[in-house]
Amino acid sequence: GCSAPWRRMEEKRAGSSDSASGTGDVTLDAKWRLLKQDAFIGTHYVSLISAYTHAGAPTTTRPAVSDGRDSVLLGLGQTFVRPHWTWYCNGGWRLHDQEDGIRDGTEELFNVAVGYRPRVVEPDVVEWTFLLEANRERQGRWRDRMGEMADSGRSLWFLSPGMRIGYKTMLLSLGVQIPVRQSWHGEQTGIEYRSKIGVEYIF
C-alpha cells in the first residue's frame, strides 16, 4: 500500500501558539500473511508488517510538518475478521535515518483496535468501516554528535476514533489521535491531538 497523509501540527506555549499544515511523509507498506485459519466464527490472520517512510526535505515551518528523516518499520500483526466486526492488534519497531547529525531514538509501537462494518458489500461497492483504537508509543533518546540529547524521548498513550472508506483497490482513512497519557523527557512540547487523512492504493 501507499499513503500520503495531510497533517496539521500545532504548538502552544505560554502566551503564543504556532500551527502548520501540509502533506506528511509518504509511506510504502507491505504485509505478508504468515497464517490464515478459517473457523465457523470467523477468520484469523497473522502477518509480517513492514513500512518505509520517505520524509523528503525537512520543512522550514514552525512546527515542522516533516523533519526530513526517513524511517523503516518492522513488526507483526494479527487480525480476527467476522462479517461485521474486526479485531486486530499489531506491534513493532521503527528505526530512523540520520539527518544533519541527528538520529531519532528507536520507537516501540503497539496498537489494538476494533472495527465495525455496518453492511457487507461487494468489492465494487463503497464500504464503510468505523474504528476505535488504543495506541502506545515509546521512543528512546535522540542522539547527535555529542551523544544522547537530554530533551528527547517520550512515552505516549492515545485513544483514536476513525473510519475507513474502501472502494475496489483504494482506501481513504480519517482519524484523530487523542492523548490520554503523556510522559516527556526534558523540555519538550506536548501533543493536544493528531489528525490524519490518508489515501492508500492496494496493489
Side-chain angles (χ1 to χ4, degrees), residues 1 3-13 17-25 27 29 31 42 44-47 49-51 53 63-67 71 73-94 96 104-119 127-142 151-166 171-200:
S3 63
W6 181 265
R7 289 179 176 171
R8 177 176 173 81
M9 309 289 288
E10 184 171 352
E11 289 184 356
K12 289 189 176 181
R13 297 174 302 282
S17 64
D18 294 300
S19 63
S21 59
T23 303
D25 305 337
T27 298
D29 60 86
K31 183 182 292 185
H44 177 228
Y45 301 97
V46 176
S47 303
I49 301 168
S50 68
T53 299
V65 176
S66 173
D67 58 16
S71 64
L73 181 144
L74 296 172
L76 284 172
Q78 63 174 348
T79 307
F80 185 74
V81 180
R82 298 193 67 183
H84 292 282
W85 292 93
T86 301
W87 295 267
Y88 72 85
C89 66
N90 58 56
W93 294 267
R94 179 178 287 131
H96 295 268
D104 296 19
T106 299
E107 292 181 80
E108 300 172 6
L109 308 172
F110 181 73
N111 309 291
V112 294
V114 58
Y116 175 68
R117 184 168 49 174
R119 60 188 185 125
E127 181 178 79
W128 297 73
T129 302
F130 298 94
L131 300 170
L132 182 62
E133 301 183 37
N135 314 118
R136 164 84 159 114
E137 299 180 9
R138 182 180 181 277
Q139 186 177 34
R141 300 292 181 94
W142 295 19
D151 299 329
S152 65
R154 65 178 189 252
S155 177
L156 307 173
W157 284 93
F158 296 93
L159 190 64
S160 308
M163 68 170 59
R164 289 179 179 172
I165 306 169
L171 186 68
L172 174 67
S173 59
L174 310 168
V176 58
Q177 286 186 308
I178 304 168
V180 294
R181 184 178 180 183
Q182 304 185 53
S183 176
W184 301 82
H185 299 297
E187 295 294 328
Q188 299 187 68
T189 302
I191 297 173
E192 286 199 350
Y193 67 92
R194 292 174 179 167
S195 58
K196 180 178 178 179
I197 300 174
V199 178
E200 299 182 25

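For Y116, the ring pair (Phe, Tyr, Trp, His ring centres under 6.0 Å) test picks out W85, with sequence neighbours left out. Taking E127 as the reference, R117 meet the side chain to side chain donor-acceptor pair (under 3.5 Å) condition, with sequence neighbours excluded. Take H44 and apply the side chain to side chain donor-acceptor pair (under 3.5 Å) test, not counting sequence neighbours, and it matches Q78. Judged as a side chain to side chain contact (heavy atoms under 4.5 Å, CB included), and not counting sequence neighbours, the contacts of L171 are R164, E200. With sequence neighbours left out, the side chain to side chain contact (heavy atoms under 4.5 Å, CB included) criterion links L132 to V114, L159, P161. By the side chain to side chain donor-acceptor pair (under 3.5 Å) test, R82 pairs with no residue at all, sequence neighbours left out. Not counting sequence neighbours, the partners of S152 by the side chain to side chain contact (heavy atoms under 4.5 Å, CB included) test are R141, W142, M149. Taking the side chain to side chain donor-acceptor pair (under 3.5 Å) definition, one finds that T53 meets it with T27, sequence neighbours left out. For P83, the side chain to side chain contact (heavy atoms under 4.5 Å, CB included) criterion is met by V120, not counting sequence neighbours.
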Would you give me the side-chain donor-acceptor pairs under 3.5 Å for residues 176-183, sequence neighbours excluded?
| from | atom 1 | to | atom 2 | distance (Å) |
| --- | --- | --- | --- | --- |
| Q177 | OE1 | R194 | NH1 | 3.1 |
| Q177 | NE2 | N135 | OD1 | 3.1 |
| Q182 | OE1 | W184 | NE1 | 2.9 |
| Q182 | OE1 | I191 | N | 3.0 |
| Q182 | NE2 | I191 | O | 2.7 |

Q: Test side-chain contact (heavy atoms from CB on, under 4.5 Å) on H185 and S155 and set out the steps.
A: CA-CA 9 Å; H185 299 297; S155 177; over 6 Å; no
Q: Let me see the working for W93 and E107 under side-chain contact (heavy atoms from CB on, under 4.5 Å), right down to the final yes or no.
A: CA-CA 6 Å; W93 294 267; E107 292 181 80; over 6 Å; no
**Q.** side-chain contact (heavy atoms from CB on, under 4.5 Å) assessment of N90 paired with I49
**A.** CA-CA 9 Å; N90 58 56; I49 301 168; 3.8 Å; yes
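Nearest heavy atoms, C89 versus V112: CB-CG1, 3.6 Å. Of all the heavy atoms in H96 and G105, the pair that sits closest is CD2-O, 3.5 Å. Between L131 and G115, the shortest heavy-atom contact is CD2-CA, 3.6 Å.
At a threshold of 4.5 Å between non-hydrogen side-chain atoms, the residues R136 and R138 count as touching.
A donor-acceptor pair under 3.5 Å is formed between the side chain of D151 and the backbone N or O of E187.
Between the CD atom of Q139 and the CD atom of E108 there is a distance of 10.5 Å, given to the nearest 0.5 Å. Atoms CG and CD1, from L174 and I165 in turn, are 5.5 Å apart once rounded to the nearest 0.5 Å.
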